[in-house]
Engineer: 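Please read through the structure below; I'll follow up with questions.
The model shown is predicted, which means the values in this text are computed figures rather than measured ones. Naming convention: chains lettered A, B, ... in sequence-line order (proteins, then strands); numbering from 1 in each chain.
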Protein chains: 2
Amino acid sequence: MVNSQLGTEEKILEAAKKVFHRKGYEGARMQEIADEAGINKALLHYYFRSKEKLFEAVFEDALSGIMRLVSTIFFSDKPLKDKIQSFLCSYLNIITENSYIPWFIINGIYERPEQIKAIFDKQDINPLQLMKLLKSQVRKEYGVDINPFQIWLNVLSLSVFPVIAKPLVREIFRLSEETYNQLMEERKELVPELIINALKAYEKGEN
Amino acid sequence: MVNSQLGTEEKILEAAKKVFHRKGYEGARMQEIADEAGINKALLHYYFRSKEKLFEAVFEDALSGIMRLVSTIFFSDKPLKDKIQSFLCSYLNIITENSYIPWFIINGIYERPEQIKAIFDKQDINPLQLMKLLKSQVRKEYGVDINPFQIWLNVLSLSVFPVIAKPLVREIFRLSEETYNQLMEERKELVPELIINALKAYEKGEN
DNA sequence: ATAAAGTTTAACCAAGTGATCAAAAATACA
DNA sequence: TGTATTTTTGATCACTTGGTTAAACTTTAT
């Protein structure tokens with residue numbers, strides 16, 4: 001149940017987040033959202049015309065959260081290794097409290113490709129700035145010219161996949177929640193080292 | 001539409017794969033599977049009692065596919081780098097024709113945790129053998145003692161994430177299908193190097 | 001106080017869902 | 001050939017879904 005001090009609209013949004021994050025669009029039920037918010041189902045349509053619109057609000061919220069984190073960290077003035085370290089640390093910390101969000105975002109484009117594409121179009125995200133920054137920073141700090149897309153995809157893969165695949169990996173390896181979290185803690189150091197070591201190896205290989 | 005030469009049961013299974021892989025459990029419609037198989041909807045229940053059972057057959061099929069690939073490659077007698085290279089190459093090649101399977105598997109445990117857990121329990125998968133092998137091979141070839149789970153998670157992350165996040169990444173970076181596939185081709189070399197370079201760096205660090 | 005506007009509710013609706021079943025069609029068997 | 005068995009079909013069921021509506025309640029403003 002959601003905090004009853006909030007206004008109706010906020011209660012709905014919080015409840016919708018809770019349900020959509022865990023169930024996705026198709027799996028979520030308007031009735032469940034209403035129950036979670038402690039209000040009548042018709043109010044969902046009064047404040048947000050349709051399930052689609054409500055979902056859109058929830059998705060945009062999740063998206064803006066991760067975008068803000070990336071921007072804040074990677075457009076700061078720090079060595080690359082520190083940025084990657086900060087990102088991993090912040091990301092994993094945030095995720096421990098909202099562990100379904102990464103799945104929710106990726107699942108979105110599988111469930112509702114057109115809607116999600118429209119959201120991306122509306123928000124005109126520009127990853128090229130980030131790529132440019134990454135490329136120049138790598139060149140400056142490690143003296144090598146590497147496709148920044150691949151570096152970025154590596155960082156994202158090593159950060160996000162272990163979170164998304166957590167339920168599956170835990171089941172296969174029979175790991176407790178605690179054990180898995182401990183392994184994630186280790187990765188806060190391990191992953192930045194992995195990326196940086198690769199860059200250093202390129203550095204030596206080119207000289 | 002599915003190959004009409006097959007027997008009814010095979011037609012159903014092929015059609016069910018097609019639909020479940022793309023839509024997941026909740027998104028899939030029995031009617032759509034029947035249409036895809038070119039048969040009457042009641043036959044689905046005649047051959048597979050329920051949607052749940054049909055889904056189970058499809059999931060087990062997908063799971064056994066990836067398990068077989070991993071076993072074949074990693075229990076072979078090759079240097080670690082070759083194994084990783086083989087895995088990436090085979091995996092990415094297989095995936096180009098069934099690009100929805102990785103997400104289907106990961107999504108399964110989000111949609112139907114109890115059922116998927118039961119499937120895993122039934123098939124008693126033993127990842128410890130693989131971990132043991134990995135650990136000893138890394139010690140032999142690089143003279144370092146590293147938690148093989150982390151290495152394995154890195155290989156998986158770098159291989160699987162770019163596939164499951166493909167629709168999202170393509171949208172964000174506005175990449176054509178072709179361009180993205182080209183980048184995946186590059187990764188067949190890039191990822192093994194990344195992992196191996198990290199191991200070499202540990203090797204030097206320990207000496 | 002009272003009317004107007006905004007908010008909330010219970011009851012209801014049409015559409016779509018997985019599932020069932022009796023009858024028809026096809027096949028196997030004597 | 002004729003009968004029993006298996007396979008296939010169309011019709012239908014019970015149920016859930018997102019969404020609507022008219023009436024009731026609450027707040028605001030004069």
Side-chain angles (χ1 to χ4, degrees), chain A residues 1-59 104 107-108 110-116 118, chain B residues 1-59 104 107-108 110-116 118:
Chain A
M1 185 71 102
V2 107
N3 184 349
S4 62
Q5 303 234 342
L6 298 170
T8 308
E9 193 166 343
E10 285 81 16
K11 276 197 281 188
I12 293 175
L13 203 58
E14 287 305 307
K17 281 191 214 172
K18 222 167 179 171
V19 177
F20 276 129
H21 286 172
R22 280 164 178 70
K23 308 281 184 75
Y25 182 86
E26 302 237 37
R29 299 285 166 253
M30 295 296 267
Q31 186 59 60
E32 191 182 349
I33 295 174
D35 293 346
E36 181 67 38
I39 55 158
N40 186 285
K41 179 168 72 99
L43 278 184
L44 301 184
H45 295 91
Y46 180 79
Y47 285 94
F48 303 80
R49 295 165 51 81
S50 62
K51 187 182 186 184
E52 195 175 327
K53 291 258 202 285
L54 184 52
F55 177 78
E56 190 145 325
V58 173
F59 192 91
F104 168 72
N107 190 49
Y110 279 94
E111 277 195 317
R112 307 187 65 70
E114 297 81 10
Q115 191 184 0
I116 302 306
Chain B
M1 185 71 102
V2 106
N3 184 350
S4 62
Q5 302 232 342
L6 298 170
T8 308
E9 193 165 343
E10 285 82 14
K11 275 197 281 186
I12 293 175
L13 202 61
E14 286 307 306
K17 281 192 214 172
K18 220 169 182 172
V19 176
F20 275 128
H21 287 172
R22 280 165 178 70
K23 308 279 185 76
Y25 182 86
E26 301 238 38
R29 298 287 168 251
M30 294 296 268
Q31 186 60 62
E32 192 182 349
I33 295 174
D35 293 346
E36 181 67 38
I39 55 156
N40 187 285
K41 181 167 72 104
L43 278 184
L44 302 184
H45 295 91
Y46 180 77
Y47 283 95
F48 304 80
R49 293 166 52 81
S50 63
K51 187 183 185 182
E52 195 174 327
K53 291 257 202 286
L54 184 52
F55 177 79
E56 190 145 324
V58 172
F59 192 90
F104 169 72
N107 195 44
Y110 279 90
E111 277 194 318
R112 306 186 67 71
E114 298 81 10
Q115 191 183 359
I116 302 306

Engineer: Just the endpoints, please: which first and last nucleotides of DNA chain C, 5' to 3', lie under 4.0 Å from a heavy atom of chain A?
Structural biologist: C:dG6 to C:dA10
Engineer: Could you tell me whether the side chain of A:Leu6 reaches within less than 4.5 Å of the side chain of A:Glu14, counting heavy atoms only?
Structural biologist: yes
Engineer: With sequence neighbours excluded, what pairs up with B:Gln115 under the side chain to side chain contact (heavy atoms under 4.5 Å, CB included) test?
Structural biologist: B:Glu52, B:Phe55, B:Glu56, B:Arg112
Engineer: Any idea which heavy atoms bring B:Ala28 and B:Val19 closest together, and the distance?
Structural biologist: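 Looking at all heavy atoms of both residues, the closest pair is CB-CG1, 3.7 Å.
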Engineer: Taking only heavy atoms on the protein side, list every residue of residues 10-29 of chain B lying under 4.0 Å from any atom of DNA chain D, sorted numerically.
Structural biologist: none
Engineer: Taking DNA chain D as the partner, which of residues 40-49 of chain B come within under 4.0 angstrom of it by heavy atom?
Structural biologist: B:Asn40, B:Ala42, B:Leu43, B:Tyr46, B:Tyr47
Engineer: Go through the structure and list residues passing side chain to side chain contact (heavy atoms under 4.5 Å, CB included) with B:Arg49, not counting sequence neighbours.
Structural biologist: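 With neighbours one apart ignored, the set is B:Lys53.
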Engineer: Run the side chain to side chain contact (heavy atoms under 4.5 Å, CB included) check on B:Tyr46 and B:Thr8 step by step: do they pass?
Structural biologist: CA-CA 11 Å; B:Tyr46 180 77; B:Thr8 308; over 6 Å; no
Engineer: Only counting residues at least two apart or in another chain, list the ones meeting ring-ring contact (aromatic ring centres under 6.0 Å, His included) with B:Tyr47.
Structural biologist: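 Checked B:Tyr47 against ring-ring contact (aromatic ring centres under 6.0 Å, His included); zero matches.
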Engineer: So how far is it from B:His21 NE2 to B:Phe59 CZ, rounded to the nearest 0.5 Å?
Structural biologist: 9.5 Å
Engineer: Look at B:Arg29 together with A:Glu26 and state whether they make a salt bridge at an N to O cut-off of under 4.0 Å.
Structural biologist: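 The answer is yes: the pair qualifies as a salt bridge.
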Engineer: Going by side-chain hydrogen bond (donor to acceptor under 3.5 Å, both in side chains), name the residues that satisfy it together with A:Lys23, two or more places apart in sequence or in a different chain.
Structural biologist: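 side-chain hydrogen bond (donor to acceptor under 3.5 Å, both in side chains) list for A:Lys23, sorted by chain: A:Glu32.
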Engineer: Restricting to side-chain hydrogen bond (donor to acceptor under 3.5 Å, both in side chains), what partner residues turn up for B:Asn107, sequence neighbours left out?
Structural biologist: A:Trp103
Engineer: Which residues within residues 52-59 of chain B lie with some heavy atom under 4.0 Å of an atom in DNA chain D?
Structural biologist: none
Engineer: Nucleotide range of DNA chain D contacted by chain A, 5' to 3', under 4.0 Å to a heavy atom?
Structural biologist: D:dT17 to D:dT21
Engineer: Who pairs with B:Ala57 by side chain to side chain contact (heavy atoms under 4.5 Å, CB included), at least two apart in sequence or on another chain?
Structural biologist: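 With neighbours one apart ignored, the set is B:Leu13, B:Phe48.
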Engineer: Would you mind writing out the side-chain donor-acceptor pairs for residues 33-40 of chain B within the sub-3.5 Å range, not counting sequence neighbours?
Structural biologist:
unit_1: B:Asp35; atom_1: OD1; unit_2: B:Gln31; atom_2: NE2; d: 3.0
unit_1: B:Glu36; atom_1: OE2; unit_2: B:Met1; atom_2: N; d: 3.0
unit_1: B:Glu36; atom_1: OE2; unit_2: B:Lys18; atom_2: NZ; d: 3.1
unit_1: B:Asn40; atom_1: OD1; unit_2: B:Ala42; atom_2: N; d: 2.8

